[in-house]
Amino acid sequence: QARLQESGPGLVKPSQTFSLTCTVFGDSITSGGYYWAWIRQPPGKGLEWIGFINYGGTTYYRPPLKNRTSIVRDTSKNQFTLQLSSATPEDTAVYFCARLGGLGAYDYWGQGTQVTVSS
């Protein structure tokens, strides 16, 4: 059974780049044919998919965020990291990492971490 844990800065200044790391326990990010996702929920809004990195290291990004987003992985630490550049207050959200399972549903989630973009 997988367990995911996010870590990263809580407060970011506008125009900065921030990184959030997801550490995966109980599963390997390189096996099983799974996709490892970043998802966010802005205040008062629904969940918004940001991007995936799959078991082979291929990445997919939400088109409106593609130019500002990068997802990389460290297989030695079983971690994947979201980098979001040129932050704006609209990036304020709770950020989650999750595993996209074989049935096309997110079956494991981290607890979420708040990121606030403010000067």
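Model, not experiment: these values are computed from the prediction. In this chain, numbering begins with 1 at the start of the sequence shown.
- Sequence neighbours left out, the pairs with a member in residues 21-119 that pass disulfide bond (SG atoms under 2.5 Å apart) are Cys22-Cys97.
- Taking OG1 of Thr69 as the reference point, atom CD of Gln83 lies at 10.0 Å (rounded to 0.5 Å).
- Residues that satisfy the ring pair (Phe, Tyr, Trp, His ring centres under 6.0 Å) test with Phe96, not counting sequence neighbours, are Trp109.
- Residues Ile50 and Leu65 meet the side-chain proximity criterion, which asks for heavy atoms closer than 4.5 Å.
- Of all non-hydrogen atoms in Val12 and Ala87, the two that sit nearest each other are CG1-CB, 4.2 Å.
- Pairs passing the side-chain hydrogen bond (donor to acceptor under 3.5 Å, both in side chains) check and including a residue from residues 41-50, sequence neighbours excluded, read Arg40-Glu48.
- Side-chain atoms of Glu6 come within 3.5 Å of backbone atoms of Gln111 as a donor-acceptor pair (strictly under, hydrogens ignored).
- Leu47 and Leu82 end up in different hydrophobic clusters when Ile, Leu, Val, Met, Phe, Trp and Tyr side chains are linked at under 4.5 Å.
- Panel note: side chain Tyr108, backbone Leu100; no donor-acceptor pair is recorded below 3.5 Å.
- Considering only residues two or more places apart in sequence or on other chains, Arg3 meets the salt bridge (charged side-chain N to carboxylate O under 4.0 Å, His left out) condition with none of them.
- For the atom pair Thr113 OG1 and Gln5 CD, the distance stands at 10.0 Å (nearest 0.5 Å).
- Connection of Leu20 to Tyr61 is established within a shared hydrophobic cluster, with ILVMFWY side chains joined at heavy-atom distances below 4.5 Å, either directly or through further cluster members.
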Let me have the donor-acceptor pairs involving side chains of residues 26-39, under 3.5 Å, with sequence neighbours excluded, atom names and distances please.
from: Asp27; atom 1: OD2; to: Arg99; atom 2: NH1; distance (Å): 2.6
from: Ser28; atom 1: OG; to: Thr30; atom 2: N; distance (Å): 3.2
from: Ser28; atom 1: OG; to: Thr30; atom 2: OG1; distance (Å): 2.9
from: Ser31; atom 1: OG; to: Ser28; atom 2: O; distance (Å): 3.4
from: Trp36; atom 1: NE1; to: Ile29; atom 2: O; distance (Å): 3.4

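- Under the salt bridge (charged side-chain N to carboxylate O under 4.0 Å, His left out) criterion, the residue pairs touching residues 66-81 are Arg68-Asp91, with sequence neighbours excluded.
- Among all heavy-atom pairs drawn from Ser119 and Pro14, the shortest one is N-CD, 3.6 Å.
- Side-chain contact check for Thr23 versus Gln79: some heavy-atom pair is nearer than 4.5 Å.
- The heavy-atom pair separating Thr21 from Thr81 by the smallest distance is OG1-OG1, 3.0 Å.
- Contact check for Thr92 versus Pro42: no side-chain heavy atoms found under the 4.5 Å cut-off.
- Between Tyr95 and Leu84 the shortest side-chain heavy-atom distance falls below 4.5 Å.
- The side-chain heavy atoms of Phe52 and Thr59, taken from C-beta on, include no pair separated by under 4.5 Å.
- Across all non-hydrogen atoms, the minimal contact from Ala93 to Pro43 is CA-CD, 4.4 Å.
- Note on Ile71: it does not cluster hydrophobically with Tyr106, by side-chain heavy-atom contacts below 4.5 Å among ILVMFWY residues.
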